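Presented below is the structure to which this report refers.
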There are 2 protein chains.
Amino acid sequence: MSATIKDIAEAAGVSAATVSRVLANKEGFYSQATATRVRKIAVSLDYEKNTSAVELVTRKSRVIGVIISATKTNFSDKIIEGIHAEAIRHGLSVIMLYAGQNDPQLQEQALRTLIERAVKGILVVAIQLADENLALLQASQIPYRFLSTSYNSNKLPSIASDDYQIGYQATQHLIERGHHKIGLVAMDTSGHIGQQRVAGYKAAMIQAALSIEDDWIKEGMYTYEDGVRAMQTFGRQPEVTAIIGASDLAAIGVLNQAMQYGIQVPKQLAIISIDGTYLARIVRPQLTTVTQAFYEMGTLGTQMLLDQTQQTVSQFTPIKIETRQST
Amino acid sequence: MSATIKDIAEAAGVSAATVSRVLANKEGFYSQATATRVRKIAVSLDYEKNTSAVELVTRKSRVIGVIISATKTNFSDKIIEGIHAEAIRHGLSVIMLYAGQNDPQLQEQALRTLIERAVKGILVVAIQLADENLALLQASQIPYRFLSTSYNSNKLPSIASDDYQIGYQATQHLIERGHHKIGLVAMDTSGHIGQQRVAGYKAAMIQAALSIEDDWIKEGMYTYEDGVRAMQTFGRQPEVTAIIGASDLAAIGVLNQAMQYGIQVPKQLAIISIDGTYLARIVRPQLTTVTQAFYEMGTLGTQMLLDQTQQTVSQFTPIKIETRQST
DNA sequence: CTGAAAGCGCTTACAG
DNA sequence: CTGAAAGCGCTTACAG
């Protein structure tokens, strides 16, 4: 249908090889005159390079693959933005596939698609891979990296926040403001992230010689509803005077339910949330947050994926406390 | 590096053609025995099909391309979710490219990447293409469709809401609640969407024999900040008693600034917003919205892209008013 | 049921 | 500076 290199060659009276070289801007292989002629004809023929053919013959692709969770956390947007920005800088395309948070079969399907495509690298965003899929990924020889997911073992290359520090600093912030009874809400403690944050929380409490009640910690999956439910469990007369929300949305759930109960924030209940997306700024009172550097996770992750020498190194992106109206 | 069809053929003692047929599940071309043997060897060799080669020879790809705005509106998430869901149903991959809202060069780059890849179809989400890029897209012969963008001419295939109706119904809702002075905030009237909504707004006002002041309409680009600024212009003693926000975020901007002024919502000022994403439900008071069917835009758009007979038809997805606490 | 052969559109040593 | 030729990994009429 569309024009090929051969059509151009014919029209220009040169070989396909020369056309290929001109179009790929290989230096020193042709005269200025040929180049101009070839380029002009290419344009006039509406020529578009066939990427499949190029990838087949060069055996490498200009694509990086991203696997993200279908039940998207609202922070993944920023990570993806970062990935795209960095990809564009390198002239790469991004192919994105959704996979369920805990659906090994969907994960496998997504992985295979990327492997068949022989992508340049694979970024796994906020998803914990099933063991067999991790093995599949590793067997593929394709460079990969986890973003915003850390594993128990540090052997897997990742870019994420230091979740222990997140838990610790959030708690510390509250303790400094005089709170002794601090709740922790909507964290999934079956995963490494949740465990680390709880560990950080406990460390800060113990260091301040504060005791911890088991039911100050309400588990969840980081959702808005988990926040609401947790606050309902605390009730109208919560024992705690401050709460750490596992995500901005969870914290907003806590906030709304607290307001529903007529509890004043921050006067009667302080709230700090983890993530620091724009949501924290559009609610009232605005939420104090432990802000993560999501955009940087995306850019840095992409860079390190492309850098052969860095392939196995894991790294933390910085976090910071942003004090607003809720503490 | 990795195993090819030839390696399998050799190991199985059959031809590459047979392997190809088995692996593609072509019926009636081989004995059950051969098939099982070939499949087993394929697995043991960690065989992964080379998509480039397949696409090159079959001259069609299993990929659909999506171009979205880099300055993402928060509703595009839902559209993209819909696209992915439908793509997975059809065994297709999705390649996503960001392009600036008004950067013709980035648009062209994104388009060319997709065209070179000979994708099966192109979905343009919430972006207005520059004329020359539209021409490029059309010349490519690749099926395409605009999502959540309607053009002046109805000649371009799109899936979107009826923006005239959005403007009309939002206004109508307010009028029914006794409002006579109604503001319209953060709409970009340089685009078709904004123009249609304003037209719907005016029609409803005129039909109710209400007059319209020019400065009840505050332009903007649908952002949170536009909402805040608009409310600042209305001031502490706004002439209007109700405001239509061009997006959920814009409406939240209005809401927050109004609360800042000590204006009570909805008692002193009613607010209705357009979009109806989850944001409307997590703020207090919850926002009444004209809710758009974004997820359906994604699924329907993808379906129609794949359906040859429907390629030129444009369609509206339904809208509905969801009454909450702000009106 | 199976295979030999041609070909998809491109790149790149190799030889001039 | 330029071209002929081989080859990337697969699919698919065609002939048996």
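So you know, we letter chains A, B, ... as the sequences are listed, proteins then strands, and number each from 1. Everything numeric in this text was worked out from a predicted model, so none of it was measured.
The partner of C/dA13 is absent, by the rule that a Watson-Crick or G-U pair needs both atom distances under 3.5 Å. Partner assigned to D/dA4 is none, using Watson-Crick or G-U wobble distances below 3.5 angstrom.
Nearest-nucleotide assignment on DNA chain D puts the 5′-proximal partner with B/Leu56, out of B/Ala17 and B/Leu56. Comparing B/Thr34 and A/Phe29, the nucleotide of DNA chain C nearest to each residue sits closer to the 5' end for B/Thr34.
Taking atom CZ on B/Arg62 and atom C1' on D/dC10, their separation rounds to 16 Å, with Å as the unit. Distance A/Leu23 CG to C/dT11 P: 8 Å, rounded to the nearest Å. At whole-Å resolution of the value, CD in B/Glu10 and P in C/dA4 are 13 Å apart. In this structure, A/Lys6 places its NZ atom 14 Å from C1' of D/dG3, rounding to the nearest Å. D/dT12 atom P lies 13 Å from atom CD of B/Glu55, rounded to whole Å. Between the P atom of D/dC8 and the CD atom of B/Glu48 lies a distance of 20 Å, rounded to the nearest Å. One interatomic measurement links the two molecules: CG of A/Asn50 to P of D/dC10, which rounds to 16 Å at whole-angstrom precision.
Backbone-only engagement by B/Tyr30 is indicated by non-hydrogen atom pairs under 4.0 Å involving sugar-phosphate atoms exclusively. Within 4.0 Å of B/Lys49, counting heavy atoms only, lie sugar-phosphate atoms of the nucleic acid but no base atom. At the heavy-atom level, A/Ser52 lies nowhere under 4.0 Å from the strands shown. Looking at heavy-atom distances under 4.0 Å, A/Lys26 makes contact with sugar-phosphate atoms alone, never a base. Residue B/Thr4 is in sugar-phosphate contact alone, with no base atom involved, counting any heavy-atom pair closer than 4.0 Å across all strands shown.
Atom CG of B/Leu114 sits about 7.5 Å away from atom OG of A/Ser93, to the nearest 0.5 Å. Atom CD1 of B/Ile68 sits about 9.5 Å away from atom CD1 of B/Ile79, to the nearest 0.5 Å. Here the NZ atom belonging to A/Lys78 is positioned 13.0 Å from the CG atom belonging to A/Asp275, to the nearest 0.5 angstrom. The CD1 atom of B/Ile115 sits 10.5 Å away from atom OG1 of A/Thr51, with the distance rounded to the nearest 0.5 Å.
For B/Val14, counting side-chain heavy atoms from C-beta on, the closest listed nucleotide (D/dG7, D/dA4, C/dG3) is C/dG3. For A/Val54, taking side-chain heavy atoms from C-beta onward, the closest of the listed nucleotides C/dC10, C/dT2, D/dC1 is C/dC10. For A/Ser31, whose side chain is taken as the heavy atoms from C-beta onward, the closest listed nucleotide among D/dC1, C/dC10, D/dT11 is D/dC1. Out of C/dT12, C/dA4, D/dT11, the shortest distance to the side chain of B/Arg21 is found at C/dA4. Side-chain proximity of A/Thr18 to D/dT11, D/dC8, D/dG3: nearest is D/dG3. Comparing C/dT11, C/dC10, D/dC10 by their closest approach to the side chain of A/Ser20 singles out C/dT11. The listed nucleotides are C/dC10, C/dT12, C/dG3; the one nearest the side chain of A/Thr58 is C/dT12.
Electrostatic pairing of B/Arg117 and A/Glu55 counts as a salt bridge here, judged by a charged N lying under 4.0 Å from a carboxylate O.
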Could you walk me through whether B/Glu108 and B/Arg112 pass the salt bridge (Lys or Arg N to Asp or Glu O under 4.0 Å) check?
CA-CA 6 Å; B/Glu108 182 185 337; B/Arg112 286 207 187 275; 3.0 Å; yes

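On the C1' atoms, D/dT12 is 16 Å away from D/dG16, given to the nearest whole Å.
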